[in-house]
Number of protein chains: 2
Amino acid sequence: MPQRASDTPQTVSISAVAAHAGVSVATVSRVLNGQSVVKPATRDKVMASVNALGYRINELARNLRTAESRLLLTLVPDVGNPFYAEIVRGIDAVAREHNYFVLLCDTGADSGREQSYFELLQRRRADGAICLDPDTVQHALIEASPGLPWVACCEFDPGVAVPYVGIDNRRAAYDAVTHLLMQGHRHVALINSDETWLYARQRKQGWIDALTGRGITPEPDWCVNVAGLDYDTGNRAAQALMQRAKPPTAIFAVSDTLAIGVLAGLRTAGKRVPHDVAVVGFDNIALAAQVEPALTTIAQPMRELGMTAARLLLQRLAQPEQNVPGLLLAHQLVVRQSSQTT
Amino acid sequence: MPQRASDTPQTVSISAVAAHAGVSVATVSRVLNGQSVVKPATRDKVMASVNALGYRINELARNLRTAESRLLLTLVPDVGNPFYAEIVRGIDAVAREHNYFVLLCDTGADSGREQSYFELLQRRRADGAICLDPDTVQHALIEASPGLPWVACCEFDPGVAVPYVGIDNRRAAYDAVTHLLMQGHRHVALINSDETWLYARQRKQGWIDALTGRGITPEPDWCVNVAGLDYDTGNRAAQALMQRAKPPTAIFAVSDTLAIGVLAGLRTAGKRVPHDVAVVGFDNIALAAQVEPALTTIAQPMRELGMTAARLLLQRLAQPEQNVPGLLLAHQLVVRQSSQTT
DNA sequence: ATGAAAGCGCTAACAA
DNA sequence: TTGTTAGCGCTTTCAT
């Protein structure tokens, strides 16, 4: 005969409350779930027993019965990056509003880890997922397990049948580089991330379009691809760039964290910003306004991106059949000192 | 008669696998849980059926049966702060190693929210919790619901029977301020957070001890208390400090994020660091080495703090009766340009 | 307005 | 080595 699986001091169950209140478990359940059919007097009696016994609902049992975990999986390449951190907060805000909790998973943009976290969906530990990983990884997900309830945020392939929210990356990069060109720069370097990311390919295209649109042909070595987005990576990339025979007079980095590292790297290389080299970043994290010189950047509506992604997912969970559209939010160029030659 | 609670396309259950393989559910369960009693041939047969049917275990059911959620609650005042972000990563690493997931909750250091998240423990949605919130909040927790399985990280009251890990804050602050005094400073201001935090009170004590130890009596207005830890708060506090009749020649801020804001604020006030004002922070977040000038700070072993907290919690879950000790990890002064007068 | 009872899908004691 | 079976604690249908 089975016994208690846990050796926790005995926990009060719904039937204990029912016995104490002299009603059935069904009635207790109704009170607990706020069903209006219960007679006020009965409700009071039940609540009195709940308090007397210190009863707490066991959500493990409820979850099994209702077949939902009320957990939303969020797959993030790097939670330490302030950009992603802010998006996660947006997701969290909406999730909480709807009585969901967020299970945050740091994938390191690794396809294997991503895949293993996705298992959580199939094992019913999470009801749905929001994926911020490279579109290449997303493709693998769809191949391996189609039909799972998830949405894409920031990174997505419009050609794939997964709801998404993001910005127009090509256009945003175009705006950033054009701003630099209007300051008189002709040699604008691009510090880009790994091009397994769709956003990297799109921003590169924007950079190319802006340059060629002004009659400048970008040399292949004007573009540097780096492996991560941390400060130090940007720092080293900038120093390497400055040691070339023909160093650029302006640098566009595809992330503020990189750009802030670039500022440090230029300092080490003895370059003054913006006098010797202008710098533009991407994202507009809180720190961008605090560094010296303050960083010109493309503002992404991070919180909104997260909130929208969460809403799309909840919508998908509520109406699995209904087609959910892709959404693009507006970006904005924020000009600060790091790019002002005048 | 009850029906399926969810309208999900029918999901394959363990009994379907059992039927398909021609064995009992118990045998399937044994295979799934890697029990060695099963005959290899049987195991293969079962696995073949698992694959054929695309079966995935339903962890909702397992959780109910085994009476555990395998979720660890982590209560953080501000996930956006890089200091906490790094600790959370440490927690996450250990949790994953032991097949737990982390449920991250941003409390904003608010007692009410903290309390409501704590409910998750009583409702069995989480097996244990790690709390990084003010010791004042922790006290409230103990009053309201004693006996719950949790541990304290960074912030704790040694007098309370909850396992904890942290550093010697008084000593660390003492070291930081002493370093400043050895550079010849006599008027060292303290930018402190709200003193509902034990660490704030302890660091203040370290600041006082260092000053008085060198024959300096700190004036009350040398200490400024601020409400948050974000960059902008530090920025404004520094500017306010500089507008006084007798501005300090050195500033000790109890967090790197504040200190980085201070650097920006001093710049705005036309002060050069470290020439006019020296600055020391606390935590040694990644950014501290990248700002201009690079920030002198107290390094906390953030990742270790998180990992240790997680281990303490797991230990407590494994052996609820056993007394778990409080632990202090070592800090370290990291001297960079922001405090080097020479 | 309330109760009786059937499971949700799994684990584990016990029997064979 | 394997099968039978009793629950884990809850929600919900159906009957009253």
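Values below: all heavy atoms of this structure, side chains included; hydrogens, waters and symmetry mates excluded. In what follows, every chain begins at residue 1, and chains take the letters A, B, ... in the order their sequences are listed.
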Spacing between Arg123(A) atom CZ and dC10(C) atom P, to the nearest angstrom: 11 Å
Any donor-acceptor N/O pair, Thr42(B) side chain to Val38(B) backbone, under 3.5 Å: no
Under-4.0 Å side-chain N/O to phosphate OP1/OP2 contact, Ser29(A) with dT11(D): yes
Interatomic distance where CG belongs to Asn63(A) and P belongs to dC8(D) [whole Å]: 18 Å
Pairing of Glu59(A) and Arg125(B) as salt bridge, 4.0 angstrom limit: yes
Side chains of Asn63(A) and Ser69(A), donor plus acceptor under 3.5 Å: no
dT11(C) phosphate, OP1 or OP2, under 4.0 Å from Asn33(B) side-chain N/O: yes
Euclidean distance, atom CZ of residue Arg43(A) to atom C1' of dT2(C) [Å, nearest integer]: 14 Å
Any donor-acceptor pair under 3.5 Å from Asp135(A) side chain to Gln138(A) backbone: no
Thr42(A) vs Val25(A), nearer the 5' end of DNA chain C by closest nucleotide: Thr42(A)
Euclidean distance, atom CD of residue Glu59(A) to atom P of dC10(D) [Å, nearest integer]: 10 Å
N/O (side chain, Thr27(B)) to phosphate O (OP1/OP2, dG3(D)) under 4.0 Å: yes
Which nucleotide in dG3(D), dG9(D), dG3(C) has an atom nearest any side-chain atom of Arg65(A): dG9(D)
Atom-pair distance (CG on Leu53(B); P on dG9(C)), nearest Å: 14 Å
Out of dC10(C), dG3(C), dC10(D), whichever nucleotide has its closest atom nearest the side chain of Ala61(B): dC10(C)
Nearest-nucleotide 5' precedence on DNA chain C, Arg56(B) against Arg30(B): Arg56(B)
Salt-bridge present (Arg89(A), Asp78(B); N to O < 4.0 Å): yes
Separation of dT11(D) C1' from Leu64(B) CG (nearest whole Å): 13 Å
Minimum-distance nucleotide (side-chain atoms of Thr11(A) versus dG3(C), dG9(D), dG9(C)): dG9(D)
Rounded distance in Å - CZ (Arg124(B)) to P (dG9(D)): 8 Å
Nearest-angstrom distance from the residue atom CZ of Arg125(B) to C1' of dC8(D): 17 Å
Minimum-distance nucleotide (side-chain atoms of Ile14(A) versus dT2(D), dT11(D), dA12(C)): dT11(D)
N/O (side chain, Ser24(B)) to phosphate O (OP1/OP2, dG3(D)) under 4.0 Å: yes
Which nucleotide in dT2(D), dA12(C), dA5(C) has an atom nearest any side-chain atom of Gln35(B): dA12(C)
